[in-house]
Each structure stands twice: as structure tokens, then as C-alpha cells.
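Any value given below was found using the heavy atoms of this structure, including those in side chains, with hydrogens, waters and symmetry copies removed. Residues: numbered from 1 along the sequence shown.
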Amino acid sequence: MIPVEEALTTVLDVSRRLSPVTVAVEDALGKVLAEDIRAPDPLPPYPASIKDGYAVIAADGPGEYPVITESRAGNDGLGVTVTPGTVAYVTTGGNLLFVSLKISSFVCCDKTKCMHSSILSGPIPDGADAVVQVEDTELVQTVASQPKRVRVLVKTNKGLDIRPVGCDISKDDLVLKAEELLGAAEIGLLATVGVLTVKVYPTPTIAVLSTGDELVEPTCKSLNRGQIRDSNRAMIVAAATQHKCKIVDLGIARDDEDEISAVLDKALAADIDILLTSGGVSMGDRDFVKPYLQNRGRVYFDKVTMKPGKPLTFAEIVTQSGEKVKKVLAFGLPGNPVSCLVCFNLFVVPSVRNLSGWKNPHLPRCSSWLFKLYHIW
């Protein structure tokens, strides 16, 4: 019997990261990056307006000017040059840029401005060097046959309200680091920089088996004497699925040594990473899981100093198929449902995280204080 901390340390020492695989971005959610991601091109890829307004030549100053084009999105304004004495109408667009969520990763021309203006906008036409916001202008009434005209009310400075090329991300910038967990924001950032596939650490494949003569499937409508529905398997399958693991459901095995051995042998041949059994690890004469693990691999411990969850067994089994050698981690979980889930959360979850490439596989912890109240009469 060993302490909980020693047992967890042993599990994590044995749980080595799985080999990276390449997946499509849409399949990468919840996985850990196994490579650095760099931007293949700058963002924005063109000078862009921060505000709805008019692209101007700053040196022109206040005055009344013809609006020679409108630059809203796409190729609007392409081939048009703003010359002295003219302006172009420009707008912000609607495609969110995820840089503001990961802004600490980049060297930005003006972080405050780029975080504030995290929306891609219409390109600034050639020749213009500043933007005057709509609020600082007035439309001039003209007849329909004449070009639009606008009155600029304020003097502006060169570069004002224009995001230069690469303001948010420069070409070859590091946008995501290896070992980052990919959430929704990170997937959006990968899409923003045009990365279609990424190398990630896969989540493990887990085989789940319940053992016990008393167990029947949850679908059983009427229980006979001495029967209970198998809750552990459904619970552990759900918990493992919650952690993005692939599941091999081994069903229920009777308390028969040959049956248990046959089921587990088949599971080990199915290219799994973790084997989870519930029941069969205590001291009874029909508890056959622990002897199986002892015969097939190395048992690191078979009892932990905690309640619930004392009869937890952890082993490592080496399998070989042709030239392929693989290590399978085996957890013999207690049959009691509470003990089973406690052991899963305390030991299996950190192991899953380690295999999946997490930098910190440990569960969150908090400190608490207990106070005893004394009544003075």
C-alpha cells in the first residue's frame, strides 16, 4: 500500500506522451499542439481602416472634396488612387480577427490600437495616408448625376486610423506555441492565418470492462435475485469520452478466470493505450483481474492509502504485434461506483492528460481551512 502522492507520481512517470499525428484543423479542438505555428503571411495583408470614414491625404487638411470611390471589402477601390484634392469612402468589415485573444504572442505596431480594432476592414486605396472618421465630416448635397462630395471638418495626421500591413501579425510570426491546448479561439486563429492541418498529440484509446457475476446490462427491465445493473461501465465510458478519448467497450465479463483472460487478451490486441477494468481487484477468491495483470505485465501498486478507492491496481503491459511494440497502461478500478469514479478522476485523468501532451496534467487544487467553533457559556 502506498500514499496517494506516490501513486500519482508513479502513474505520471509511466504515462509517456503518445507520438504526434497530423490532423485537419476541424479535428484539432481539445488537442495539444506538437509544433510551433508561424504565420505564412502578414495580417492585415493590406493597409486597413480602423474606422468608418474617408481615406484622405493628410496634407490636404479640412475642406470640401469629391468622393472618388468606396472601399468596403474585397477588391473595392482596386486600381483607384487618391490624389490631392480627393477622398475615398472606407468602412470596417465584419470578419473577426482572433489576434486580440492571443495578442501577447505577437510584436504589434500598436497593441492598444490593434486590440481595439480587431475587425478586418476595407483596404485603404493607394495614395491615401490617413482616415477621417465619419463623425468629423459632413455630406454635401449634390444632384444625383454628380459625384458625391464630403466636407472634412478637422485636420488629421499622416497614418491616423490606418492599420499598416502586418500590424497584428507579421509574416513568420509565432502565432501558437507547441504544447498549447487548442480551444475555440486557437482554432479561429489557425483559420485566420490559413493553416489547414496541424501536428498534435492524440488522445488515448481506452478499453473499458466491467467484471462481476451480479452485473447485467442497464437495458435489463427486470432484475433477478442477486443482480444489479452495470453502472460503472456507462459512467467510465462517459467520463473518458468527456476527455476526448476513443472508447473500446468490452462489455461485462463474468467472474471466470478464463473468460476474463480471453476478453483482456483480445483488448490488448486491439491497439489500445489504456485498459480500464472495474471490479476483480480486491482480495476475494473470484477476483481475477489483479492476477491477470501480474502475469501479463508489471504491477506498480495494488493498494492506495485512501478511502474511497483503496483497492486500486496500476500496471504496465508490453504488447508486441510483428515488429510493433506497445505499452498499455492498465488500471484495475474498484467495483464500488464511488470508488471507481474517484480513482478515475485522481489517477486516470492525469494519465490521459500526460499521454495527450498536456504541460500540466494535474487537476486544479485549492487550499482550505477548517475552523472549530467554541461556545462559551
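Taking the salt bridge (Lys or Arg N to Asp or Glu O under 4.0 Å) definition, one finds that D273 meets it with K326, sequence neighbours left out. Scored by the side-chain contact (heavy atoms from CB on, under 4.5 Å) test, Q146 finds T142, V143 as partners (sequence neighbours excluded). For E6, there are no salt bridge (Lys or Arg N to Asp or Glu O under 4.0 Å) partners, not counting sequence neighbours. Scored by the side chain to side chain donor-acceptor pair (under 3.5 Å) test, D213 finds R286 as partners (sequence neighbours excluded). For R296, the salt bridge (Lys or Arg N to Asp or Glu O under 4.0 Å) criterion is met by D265, not counting sequence neighbours. For M235, the side-chain contact (heavy atoms from CB on, under 4.5 Å) test picks out N232, P337, C340, L341, with sequence neighbours left out. Residues passing the side-chain contact (heavy atoms from CB on, under 4.5 Å) test with N354, sequence neighbours excluded: L12, S15, P361. For the salt bridge (Lys or Arg N to Asp or Glu O under 4.0 Å) test, residues two or more places apart in sequence or in another chain that qualify with K324 are D271. By the ring-ring contact (aromatic ring centres under 6.0 Å, His included) test, Y300 is found to be paired with F314, residues two or more places apart in sequence or in another chain being considered. A207 is linked by a side-chain contact (heavy atoms from CB on, under 4.5 Å) to V248, L250, A267, I272, L275, counting only residues two or more places apart in sequence or in another chain.
Checked by atom type and distance alone, the side chain of S356 never pairs as donor or acceptor with a backbone atom of R17 at under 3.5 Å. In terms of modelled atom types and a separation under 3.5 Å, the side chain of T86 and the main chain of V82 share no donor-acceptor contact. Side chain of D256 to backbone of D258: a donor-acceptor contact under 3.5 angstrom is found. In this structure, the side chain of D161 does not engage the main chain of K51 through any donor-acceptor pair within 3.5 Å. Checked by atom type and distance alone, the side chain of D13 never pairs as donor or acceptor with a backbone atom of T10 at under 3.5 Å. A donor-acceptor pair is defined here as one N or O able to donate and one able to accept, closer than 3.5 Å; no such pair exists between the side chain of D136 and the backbone of L153. Panel note: side chain R151, backbone G63; no donor-acceptor pair is recorded below 3.5 Å. Although no hydrogens or angles enter the test, the distance criterion places no donor-acceptor pair under 3.5 Å between the side chain of S351 and the main chain of F347.
The OG atom of S49 lies 4.5 Å from the CD1 atom of I124; values are rounded to the nearest 0.5 Å. Expressed to the nearest 0.5 Å, how far CG of L190 lies from CD of E186 amounts to 8.0 Å. Distance CD1/I2 to OG1/T305: 8.0 Å, rounded to 0.5 Å. With rounding to the nearest 0.5 Å, the separation of CE in M1 from CG in D302 is 8.5 Å. Distance NZ/K177 to CD/E179: 10.5 Å, rounded to 0.5 Å. Separation of atoms CZ (R16) and CD (E316) is listed at 9.5 Å; rounding is to 0.5 Å.
The heavy-atom pair separating K244 from T203 by the smallest distance is O-OG1, 2.7 Å. Minimum heavy-atom separation, I57 to P84: CD1-N, 3.3 Å. The nearest pair of heavy atoms linking F344 to A240 is CZ-N, 3.7 Å. Closest approach of T69 to P125, counting heavy atoms only: CG2-CG, 4.4 Å. Scanning all heavy atoms of the two residues, the minimum distance from S261 to Y292 falls at OG-CD1, 3.7 Å. When all heavy atoms of G332 and T277 are compared, the closest pair comes out as CA-OG1, 3.5 Å.
Under the 4.5 Å side-chain heavy-atom criterion for Ile, Leu, Val, Met, Phe, Trp and Tyr, V4 and L333 are members of the same hydrophobic cluster. Both M306 and L363 sit in one connected hydrophobic cluster of ILVMFWY residues. Membership requires side-chain heavy atoms under 4.5 Å apart, directly or through other members. Both I260 and I317 are part of a single hydrophobic cluster, where members link through side-chain heavy atoms under 4.5 Å apart. V193 and V165 fall into different hydrophobic clusters, where Ile, Leu, Val, Met, Phe, Trp and Tyr residues are linked whenever their side-chain heavy atoms come under 4.5 Å apart, directly or through other members. No single ILVMFWY cluster, assembled from side-chain heavy atoms under 4.5 Å apart, contains both Y89 and L160.
With respect to E180 and K359, no salt bridge is recorded, no charged nitrogen being found less than 4.0 Å from a carboxylate O. Ion pairing of R254 with E259 is absent here, as no side-chain N (NZ or NE/NH1/NH2) approaches a carboxylate O to less than 4.0 Å. One finds a salt bridge joining E217 and R233 here, because a Lys/Arg side-chain nitrogen approaches an Asp/Glu carboxylate oxygen to under 4.0 Å.
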Discussion item. Applying side-chain contact (heavy atoms from CB on, under 4.5 Å) to I274 and T205, what does each step give before you reach the verdict?
Written reply: CA-CA 6 Å; I274 295 177; T205 299; over 6 Å; no

### Query
Going through the distances and angles, do L355 and Y201 end up as a side-chain contact (heavy atoms from CB on, under 4.5 Å)?
CA-CA 8 Å; L355 292 172; Y201 295 103; over 6 Å; no

Y65 vs T137, test: side-chain contact (heavy atoms from CB on, under 4.5 Å). Steps then yes/no. CA-CA 11 Å; Y65 302 99; T137 65; over 6 Å; no

side-chain contact (heavy atoms from CB on, under 4.5 Å) for V150 and E138? Distances and angles first, verdict last.
CA-CA 6 Å; V150 67; E138 291 178 350; 5.9 Å; no

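The shortest side-chain heavy-atom distance between V318 and V325 falls under the 4.5 Å cut-off. The closest side-chain heavy-atom distance from V304 to K310 is not below 4.5 Å. Using a 4.5 Å heavy-atom cutoff, the side chains of F331 and T313 are not in contact. Counting heavy atoms from C-beta outward, V56 and V131 have side chains that stay 4.5 Å or more apart. In this structure, V216 and I228 have side chains that are not in contact, with every pair of non-hydrogen atoms separated by 4.5 Å or more. H362 has its side chain out of reach of R353: every pair of non-hydrogen atoms, C-beta onward, lies at least 4.5 Å apart. Between V14 and L329, some side-chain heavy-atom pair lies under the 4.5 Å cut-off. Residues V90 and D52 fail the side-chain proximity criterion, which asks for heavy atoms closer than 4.5 Å.
For residues 210-240, the set of pairs meeting the ring-ring contact (aromatic ring centres under 6.0 Å, His included) definition, not counting sequence neighbours, is empty.
Around the CZ atom of R298, the shell of radius 6.0 Å holds no more than 12 heavy atoms that belong to other residues, nucleotides or ligands.
Under the 3.5 Å distance criterion, with hydrogens and angles disregarded, a donor-acceptor pair is assigned to the side chains of S210 and D230.
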Show me the donor-acceptor pairs, under 3.5 Å and distance only, between side chains in residues 25-45 and residues at least two apart or in other chains.
{"from": "E35", "atom 1": "OE2", "to": "K199", "atom 2": "N", "distance (Å)": "2.8"}
{"from": "D36", "atom 1": "OD1", "to": "A178", "atom 2": "N", "distance (Å)": "2.8"}
{"from": "R38", "atom 1": "NH1", "to": "D172", "atom 2": "O", "distance (Å)": "2.9"}

